A.B. asks: 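Would you mind keeping the following structure in view while I ask a few things?
Chain naming here is simple, since letters A, B, ... match the order of the sequence lines and numbering starts at 1 in each. These numbers come from the heavy atoms of this one structure, side chains and all, not from hydrogens, waters or symmetry mates. Here the structure is a predicted model, which means the values were calculated and not measured.
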Amino acid sequence: MPELPEVESVRRGLVDHLAGRRVTEVEVCHPRAVRRHPAGAADLRARLVGRRLGEPARRGKYLWVPVADDDQALVAHLGMSGQFRIVDPGSARHPHVRAVLGLSDGQELWFVDQRTFGGLAVEPVQDGVPCSVTHIALDPFDARFDLAATVDRMRRRRTEVKRALLDQTLVSGVGNIYADEALWRSRLHPRRPTAGLTRAQARSVLVDARAVMSEALAVGGTSFDALYVDVNGGSGYFARSLSAYGREGQPCDRCGTPIRREAFANRSSAFCPACQRAPRRSPGPPSLRLRRSSDRGRVRGSRP
DNA sequence: AACCACACCTGTTCGC
DNA sequence: TGCGAACAGGTGTGGT
């Protein structure tokens, strides 16, 4: 699933192919791919054809390509399964191609997306950021990312630490895989209340999130299957370095205890039950206690 | 204002 | 063997 390291790998792959090139044609193959462009496919096409593209940029999991000499950008979110591919013209169409851009060097840019959670839009840009990205927090790779301020904001939340890590308005770029990895590294249970974290713990999990994403980026991201590949169709190699995510039942790299998986907020959490001890159910504010006991998920998919 | 559950999708895997 | 349920999960929205 594309999280920050995967999106950044894609962005880097696009730079040489898009910056300075003109868009010669736009074909929208699936209406859902442009659902976040309210004016529709024809309008999106009209805003791009004949225009020159700038250098691809990114914040969190959002990717955008500025339109040169204009205050607009082509904004993309890869969702769960989105890909950009640079291909030779006339290549046999991948079954999940949702949009095709013709480029002035003769190549084609494909937006491929099996599950159609991703999409494209052309949006106005203000202060260098497309309008649908303004509500997204800075990611830990941004030079302006303020670690101390993010620590304070996290500790003021009344939620659980994993929910906070996944909240793109607090810190962006972290998804389920790297959240689980960061929590494992910091030895924090995913359900630990953020309000009960020390400054050092909150800082640790944010620093670990940045570190694990940096290591993943260095090897091209995490590929479990063909759903995440780079612009040339290549896989990333970080899956073999994961310590928690996808390792249910396998021994913890630190202590050997089998990794456990539990349902969590419509997804799953993988963690070491020995290294990452569950929070005590009390004390805590009554509201938090109530909420915690009422939405506890069932254990699913446990292996012998 | 802050927080949470859920809809949105489709290909694959699993259990019966 | 075949069928259907479960599962993967990021984001926007609407409800509390």
A.B. asks: So, does A:Q168 get its side chain near the phosphate of C:dT11, meaning an N or O under 4.0 Å from OP1 or OP2?
C.D. replies: yes

A.B. asks: Could you pull out the protein-nucleic contacts involving nucleotides 7-11 of chain B (nitrogen or oxygen on both sides, under 3.5 Å)?
C.D. replies:
from	atom 1	to	atom 2	distance (Å)
B:dC8	O3'	A:R32	NH1	3.0
B:dC9	OP1	A:R32	NH1	3.1
B:dC9	O5'	A:R32	NE	3.3
B:dC9	O5'	A:R32	NH1	3.4
B:dG11	O4'	A:Q114	OE1	3.3

A.B. asks: Looking at A:R254, I want to see if its CZ is surrounded by more than 12 non-hydrogen atoms of other residues, nucleotides or ligands under 6.0 Å.
C.D. replies: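 Correct, the count exceeds 12.
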
A.B. asks: What is the distance, rounded to the nearest whole Å, between atom CD of A:E3 and atom P of C:dT11?
C.D. replies: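 Whole-Å distance recorded here is 9 Å.
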
A.B. asks: Please tell me which of the listed nucleotides, B:dA5, C:dT11, B:dC3, lies nearest to the side chain of A:R157?
C.D. replies: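 The closest nucleotide is B:dC3.
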
A.B. asks: In whole angstrom, what separates A:F264's CZ from B:dC3's P?
C.D. replies: 13 Å

A.B. asks: In this structure, how many angstroms lie between the P atom of C:dG10 and the OH atom of A:Y62, rounded?
C.D. replies: 12 Å

A.B. asks: Specify the separation, in whole Å, of atom CG of A:L227 and atom P of B:dT13.
C.D. replies: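 From A:L227 CG to B:dT13 P: 11 Å.
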
A.B. asks: So does A:R247 pair up with A:D253, basic N to acidic O under 4.0 Å?
C.D. replies: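 A salt bridge links A:R247 with A:D253.
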
A.B. asks: Starting from P on B:dA5, measure out to CG on A:L166 and report it in whole angstrom.
C.D. replies: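 To the nearest whole Å, that distance equals 13 Å.
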
A.B. asks: Just wondering, are more than 12 heavy atoms of other shown residues or ligands nearer than 6.0 Å to CG in A:D70?
C.D. replies: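 Correct, the count exceeds 12.
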
A.B. asks: Report the relative orientation of the aromatic rings in A:Y62 and A:H77; use parallel for angles under 30°, tilted for 30 to 60°, perpendicular for over 60°.
C.D. replies: perpendicular

A.B. asks: Would you call A:C252 and A:P258 a side-chain contact if the rule is heavy atoms closer than 4.5 Å?
C.D. replies: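 Contact flag for A:C252/A:P258 side chains = no.
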
A.B. asks: Which whole-number value in Å describes the distance from A:R35 CZ to C:dG12 C1'?
C.D. replies: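 Nearest whole value for this atom pair: 9 Å.
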
A.B. asks: For B:dA2, does either OP1 or OP2 sit under 4.0 Å from a side-chain N or O belonging to A:T159?
C.D. replies: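 The answer is no; no side-chain N or O of A:T159 sits under 4.0 Å from OP1 or OP2.
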
A.B. asks: Quick one: which of A:R157, A:R203, A:R199 gives a salt bridge (charged side-chain N to carboxylate O under 4.0 Å, His left out) with A:D152?
C.D. replies: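 That would be A:R199.
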
A.B. asks: Just the rounded figure in Å: distance from C1' of C:dG10 to NE2 of A:H77.
C.D. replies: 6 Å

A.B. asks: Whole angstroms only, please: what is the CZ-P distance between A:R267 and B:dA5?
C.D. replies: 11 Å

A.B. asks: A:R163 and A:D167: salt bridge (Lys or Arg N to Asp or Glu O under 4.0 Å), yes or no, with the steps?
C.D. replies: CA-CA 6 Å; A:R163 288 183 192 275; A:D167 182 345; over 6 Å; no

